[in-house]
Structures are given as C-alpha cells and as structure tokens.
Amino acid sequence: MREELRPPNNFIEEAMVQDLQSGKHASIVTRFPPEPNGYLHIGHAKALLADFLSAAKYGGRCNLRFDDTNPSKEETEYVDNIMEDIRWLGCDWGEHLYFASDYFEKLYGFAESLIKRGKAFVCELTPEQMHEYRGTLTEPGKRSPWRDRPMEESLTQFRAMRAGKYREGERTLRARIDIASPNMNMRDPVIYRIMHVSHHRTGDKWCIYPMYDFQHPLSDAIEGVTHSMCSLEYEDHRPLYDWFLEALDWKNPPHQYEFARLNLNGTIMSKRYLRRLVEEGYVSGWDDPRMPTLCGMRRRGYTREALRNFCEGIGLAKSNSTVDTALLEHHLRESLKASTMRRMAVLDPIELCITNYPEGKTETVEIVNNAENPDLGTRNMDFSGSVYIERADFAIVPPPKYKRLIVDREARLMGAYIVKCTGYETDENGEVTRILCTYDPDSASGKSGRKVKGVLHWVDKETAMDAQIRQYEPLILEDAEGDFIARLNPHSLTIMKNAKVEKALSMATAGDSFQFIRQGYYCMDKDSADERLVFNCSVGLKDTWAKIQRSK
RNA sequence: UGGGGUGUAGCCAAGUGGUAAGGCACGGGACUUUGACUCCCGCAUUCGUAGGUUCAAAUCCUGCCACCCCAGCCA
C-alpha cells in the first residue's frame, strides 16, 4: 500500500508527486551541481535546499555533483569549501558525491556515438567565423562548411582532438541540429572544445573538455537523476537537454525544471562581483561578514535554521522577484530568540549616578539569560551606584510618547532597581555628561509590585568592559563607469567604538562580527557559530535607526 | 523586429471555472523588568490591460502593454 505523499509546496514538488503516483519514477533523485569556481552564497542556498529537501521529502536522494568541465576556472579549494557550506546547512549527500570529470571517459564515448549516428561533426571554423555563422536573434545562421563531412572523417578528427593534435580553437565538436533554429542554443552548439589546460582532478589526461549543455543532461542521466532543477536562464536550454538524451536513445530520461533565482534587496549575488570584492581587497575574504556568502553569513551570526526557514518561506516559483531583507532578518530573529542568551551592551554610554546609593556599596543582581527560555538560566551582575546607560535613553526634551528617563520621572534599570531622575550635568557645550538619580531600595527586581513604563539596559561602571568592536561601513559598489550597483549588507552592523559591555560579553573583541536586526537582537559570532549571544541595546529604536540610515 | 519566460497588496507567494490562503512590512490596541517578545484587530470589492465566452473568470479565448533571459569554444 502506497504511503500518503506529503502535499507539494511548489510546482516542482507537484511534478514529483505526479511522477511517483503515475509510476513514471520509483523514487526521486535530484542533484545539486555547483561549479567549483567560487564560494556558495545565499542564492545557492535556495537552490541547494530545494534540491536536497524536496528529494528528502519524497523519500529520494540528492547527489552532490561538481560541474567541473572548465578547468581554467576551477580549483580544489572551492570544492572543499562548498562541501563544508552544504554540510553546515544540514544537507547530506551520503555516498553520492560525484564530479562531472569522473564521467569524461563516458562522455567521450557518448560524443563518438553521436558522431557515428550522424548527429555531431568536427568543425574547423575559427571562433570569429563561428560567431559570424551563428546568425543573430532575428536572422538564421549559416551552415558550417564542415557540417556534412563524412562521419568517418569527423571520428578521425575527434580522436585526433583528444590525442592533442590540434591547438586550442582549431577544432570543435558540434551537435548537428538546426543552424536556423529560432532558439540560438539549437544552432549546432559546440559540445567539445580543445583546452590545453590542466584540470584540478584529471591533471593533463585530457585536452578536450565537454561543454555544459552536453555534459549536464548526460551526467544527470548517468546518475539516475529524475528531476533536474536549475534557474530560469536555462529554459532555452531545455530543448537541447532533451535533444541529447533523445539522440542517444536514453530510456526514461531526467527532466529539467527551472525556477527563479533569489534576489535580495540591496545585496549582490553575482559571483563576478563577489569575486572582485575579494580579489581587489574590498573585503577581508569570502567569509567577510558583509558578504552574502554562506561562510560570511555564518560569521555574522546567521543560523542554518534561519536560512532554511527563509528559503522555505520564499517558495519556489518562476517569476523574477526581489525578496526584502526584512524577511531574512525575521527568520533570524525567530531562530535566535528562544535559543540565545541575552547580554547587555551600551553602545553610546553615558554615566548614571545614583546619589542616594550608599558610598562604596556594591551588590550582585541576578538576571535571567532569556526570559522566554528558563533552561538558559541566570547570571549575576555587579551593581553599584554608578552605571552606564544609553545616551538615547535619557532626554532633556522628550519626543512624544517617550517612555524612558527624563527629569522627575522613574525608569527601571533592567534586573535591578527603579531610579528617578533628579537632574543632570553638562559640559561647556551643553552636552550631557552625567545623569543624576535616586533609587528606591525596595524596588529590587522581582521583589516589588511596582511597575514603570521605561526599562533601561545598563552596565556597571566599575566592572564593565570596553568593547573593541570592529566598525564596518556599508560597502557601496560601483561599476566601471562609477554607477551605483548595490550596497553590500547595508543592514549589517555599525557599532560605536567606545561601547561598554557587561563582563559576560567581554568575549567580543576585535574582529567579531555583529548583525543589526532590531532592538534587542544583535547577534554575534566568534568564529564558532555556537558561541552565539544576543545582546540588548536600544539602537534598534525607530528614531535611532532612522538616524543611522540618514547619516550613512 | 526571432525565440523562450513572467505579471495576484509595499515585498515574497498560494490559487488550476464557484466568488482572493499564508508570511514579511505597515497601522491600531492589550500585555510587558526595554518600545523587544507575546496576544488581539486592521490591511487586494480585485488579480498588468482591453475586450470576449459563461449563471459564474485571477483561472478559458483574443488583442495589447510591461519586465526578464538567449547571438561564449562559460556554467
């Protein structure tokens, strides 16, 4: 008896369900096929999670296959990092790790068989001629003079290509399809080219390499892939994908499905630009916290859960779209709030002096690490008559609906006492230098029923640590003409250098990265993604946030 | 001007002839040891547009408009 299949979440899963129910496929096989020429970014996460999760959902498997057919761009360094990032996202390819380069011999065989069937020929057109012969979007192409040469001749020449008898560009193997097709991809596309380049895995064994359009459908077929997902720009390639499988009489061939890439507001996803940022030294590396790479986001404090839920939330569809980063941040907050310890940090400190607090007295107050999660326990903080609070938490002339400290009003120091402002001191410029208060000794946290509207985060003046936090500026990207392209992570941190943090947060030192999310939700990450803390501060308040936006 | 796609709210997105899900954002309120969190409430008389078919159309038909992709021996 067939198990009940879980309802599909998108049109591709719908196709999977149909294929399973109709018996077309006994089980689902997908694949994630990165080219090892860069690091994975959040756009890849969308694709890879779709590949791995939908296969898992329907009891199938997902292969990891590196599409390494262009040795001039690919390196082993990337292979290792890509695998690490996929694992970090919680995806597992089990034994099914493959390389397109593993299939070079088979693919070569397929190419010969295409020649023997009269469906491919060796062409001697130069790159310039080939371009000219291909025609344009509105005019059909011209047939290559080599198109109808005898099959034996093509075979001999193709073997000579493999044997290294020609220089790069002197010969190509092309599929014999339709040079006049309105679909440019069908105009006798090149399927093998000569490259006297050493490959990161096969070394110098080969000097001819298959093209993507030829390799991809066949690699899928070799692996038994049933549902091959890719991005929208390959829609025009699908006829070609099908053509190769048809030409080789492949039974029950895989099918290609296309969906829209992820675009994120204010973020660039183009590998070309990301590479430039790294290579030209605008950022410290692929894992710079401002980068939208998976390793960069990990360093900034993103959780895999946030990324997975985000990708699930945006869905899979065919319309080009740009997702608001607010949605990403929502999922990060959601993922962090129940699982993370809170700490207090004062980013723009001003001293608050409690004038009726006994001289020289210190005490310890117990503060919960996360009010929503008792399992996270409590911590003790030093408290004395002098603390730092946020400059923005005190106002001489309060804006409408201001709930925090003003003269003659009470507010609670979080986890400690209720204080009442009695006055303030200023310097010669009129800048507030110290806030004076009295406290109510009977208002200790949890011991009094009194409620006040304002609650402030604070750190003890004597025991607070200085935070040496690197300050990042948003990175503005321009193209060669100086035109604005994008701001890289405009939402990531901008933290004041003279911040004060409580002792428990002293692990925040130079090089740590922070992510601005909203009041109460900064997250940080000290290399290990497990050392994640959230700290309370007020920079997320609307007025302050507006100020940050304006000044940048 | 050839071919392939896509248009549902500020942003994603369901919807497959029976009277517009959900999330984010936003607005209002309650609660609150931060204004966060939580909880309520509100948020498309209309689906790019103009016609047509039908008792009934976001869904079917026709025309038009807008945007994206394709002329690598890249993937």
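Since we're looking at a predicted model, the values are computed, not measured.
- By the 30° and 60° cut-offs, the orientation of the rings of A/Phe383 relative to A/Tyr417 is tilted.
- Atom P of nucleotide B/G4 and atom CD of A/Glu233 are separated by 18 Å, given to the nearest angstrom.
- One finds a side-chain N or O of A/His131 lying less than 4.0 angstrom from the OP1 or OP2 phosphate oxygen of B/G72.
- Atom pair A/His237:NE2 and B/A71:P shows a separation of 8 Å (rounding to whole Å applied).
- Comparing atom distances between the A/Glu235 side chain and each of B/A71, B/C11, B/G4 picks out B/G4 as nearest.
- Residue A/Lys451 is classed as a sugar-phosphate contact, given heavy-atom separations below 4.0 Å to backbone atoms only.
- Mapping A/Lys403 and A/Asn10 onto RNA chain B via the closest heavy atom, the residue that lands nearer the 5' end is A/Asn10.
- Relative to the side chain of A/Thr322, the nucleotides B/G2, B/G3, B/C12 differ in distance, and B/C12 lies closest.
- Atom P of nucleotide B/C37 and atom NE2 of A/His330 are separated by 10 Å, given to the nearest angstrom.
- If you check every strand for non-hydrogen atoms under 4.0 Å, A/Ser72 touches nothing.
- If you check B/C12, B/C73, B/G3 against the side chain of A/Thr172, the one that comes closest is B/C73.
- Across all strands shown, B/A71 remains unpaired; no Watson-Crick or G-U wobble contact has both distances below 3.5 Å.
- Between the CG atom of A/Leu173 and the P atom of B/C73 there is a distance of 13 Å, rounded to whole Å.
- When distances run from any side-chain atom of A/Ala326 to the nucleotides B/C24, B/U34, B/G72, the shortest one goes to B/C24.
- In this structure, of B/A25, B/A75, B/U32, it is B/A75 that holds the atom nearest to the side chain of A/Arg193.
- Under a 4.0 Å N-O distance rule, the pair A/Arg149/A/Glu124 qualifies as a salt bridge.
- For A/Met211, taking side-chain heavy atoms from C-beta onward, the closest of the listed nucleotides B/C37, B/G4, B/G72 is B/G72.
- Using a distance-only test at 3.5 Å, with no hydrogens or angles considered, no donor-acceptor pair links the side chain of A/Asn37 to the main chain of A/Glu74.
- Looking at heavy-atom distances under 4.0 Å, A/Glu14 makes contact with a base.
- Residue A/Thr69 has a polar side-chain atom (N or O) positioned under 4.0 Å from OP1 or OP2 of B/A75.
- With both ends at atom C1', the span from B/G63 to B/G28 equals 45 Å, rounded to whole Å.
- With both ends at atom P, the span from B/A9 to B/A21 equals 14 Å, rounded to whole Å.
- Using bins of under 30°, 30° to 60° and over 60° for the plane-to-plane angle, the ring pair A/Tyr108/A/Tyr192 lands in the perpendicular bin.
- B/C39 sits 42 Å from B/C68 when the C1' atoms are compared, rounded to a whole Å.
- Nucleic acid contact class of A/Ile314 (heavy atoms, under 4.0 Å, all strands): sugar-phosphate only.
- A straight line from CG of A/Asn320 to P of B/A13 spans 10 Å, rounded to a whole angstrom.
- In the set B/C37, B/C70, B/A75, the nucleotide with an atom closest to the side chain of A/Leu137 is B/C70.
- Within the 4.0 Å cut-off from OP1 or OP2 of B/U38, at least one side-chain nitrogen or oxygen of A/Lys337 is found.
- Comparing the same atom, C1', in B/C24 and in B/A13 gives a spacing of 11 Å after rounding to whole Å.
- Base engagement by A/Asp236 is indicated by at least one non-hydrogen atom pair under 4.0 Å involving a base atom.
- Between A/Tyr439 and A/Tyr357, the ring planes lie tilted relative to each other; the angle falls in the 30° to 60° range.
- Among B/A75, B/C69, B/A71, the nucleotide with an atom closest to any side-chain atom of A/Met184 is B/A71.
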Let's go through A/His216 and A/Tyr234 carefully: what are the C-alpha distance in whole Å and the side-chain angles of both, what is the deciding distance for ring-ring contact (aromatic ring centres under 6.0 Å, His included) to 0.1 Å, and is it a yes or a no? CA-CA 11 Å; A/His216 206 91; A/Tyr234 290 101; 7.5 Å; no
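- Across all strands shown, A/Gly415 has heavy atoms under 4.0 Å from base atoms, whether or not it also approaches the sugar-phosphate.
- Salt bridge status for A/Arg450 with A/Asp440: present, with a side-chain N to carboxylate O gap under 4.0 Å.
- Projected onto RNA chain B by closest heavy-atom contact, A/Lys46 and A/Arg134 fall at different nucleotides, the more 5' of which corresponds to A/Lys46.
- With B/U34, B/U1, B/A13 as the choices, the nucleotide that has an atom nearest any side-chain atom of A/Ala317 turns out to be B/A13.
- Contact between the side-chain N/O atoms of A/Arg65 and the OP1/OP2 oxygens of B/A75 is not found at any separation under 4.0 Å.
- Salt-bridge formation is not detected for the pair A/Asp236/A/Arg238: no Lys NZ or Arg NE/NH1/NH2 atom is positioned less than 4.0 Å from an Asp or Glu carboxylate oxygen.
- As judged by a 4.0 angstrom heavy-atom cut-off over every strand, A/Tyr234 is placed among the base-contacting residues.
- Between the side chain of A/Arg404 and the base of B/G35 there is at least one donor-acceptor pair of N/O atoms closer than 3.5 Å.
- Distance check on atom P: B/A66 versus B/A50 gives 15 Å, rounded to whole Å.
- Under 3.5 Å, the side chain of A/Asn183 and the base of B/G4 form no donor-acceptor pair of N or O atoms.
- Here, B/C26 and B/C11 have their P atoms 15 Å apart, quoted to the whole Å.
- Contact annotation for A/Ser443: no contact, since no heavy-atom pair falls under 4.0 Å across all strands.
- As rounded to the nearest Å, B/A56 and B/C69 have C1' atoms that lie 38 Å from one another.
- Among the heavy atoms of the strands lying under 4.0 Å from A/Gly169 is at least one base atom, whether or not backbone atoms are also near.
- As judged by a 4.0 angstrom heavy-atom cut-off over every strand, A/His216 is placed among residues making no nucleic acid contact.
- Protein atom CG of A/Asp324 is 12 Å distant from nucleotide atom C1' of B/C26, rounded to whole Å.
- B/G27: glycosidic angle beyond 90° from 0, hence anti.
- Proximity note for A/Leu232 (side chain, C-beta onward) versus B/C11, B/U34, B/G5: the nearest is B/G5.
- Under the Watson-Crick or G-U wobble criterion, with both distances below 3.5 Å, B/U38 is paired with B/A30.
- Figure legend. B/U6 is base-paired to B/A66; pairs are counted as Watson-Crick or G-U wobble with both atom distances under 3.5 Å.
- Residue contacts shown for A/Leu262 are absent, as no nucleic acid heavy atom lies under 4.0 Å away.
- Annotation: B/A14 and B/C47 have their C1' atoms spaced 12 Å apart (nearest Å).
- Atoms CD (A/Glu334) and C1' (B/U38) sit 11 Å apart, rounded to a whole Å.
- Defined by atom type and a distance below 3.5 Å, a donor-acceptor pair is missing between the side-chain atoms of A/Asn380 and A/Thr364.
- Between the CD atom of A/Glu258 and the C1' atom of B/U6 there is a distance of 13 Å, given to the nearest Å.
- Among the heavy atoms of the strands lying under 4.0 Å from A/Ser321 are primed sugar atoms or P, OP1, OP2 only; no base atom is included.
- Ionic pairing of A/Glu13 and A/Lys57 is present here: one or more N-O contacts between side-chain nitrogen and carboxylate oxygen are shorter than 4.0 angstrom.
- Under 4.0 angstrom from either OP1 or OP2 of B/G3 there lies no side-chain N or O belonging to A/Thr138.
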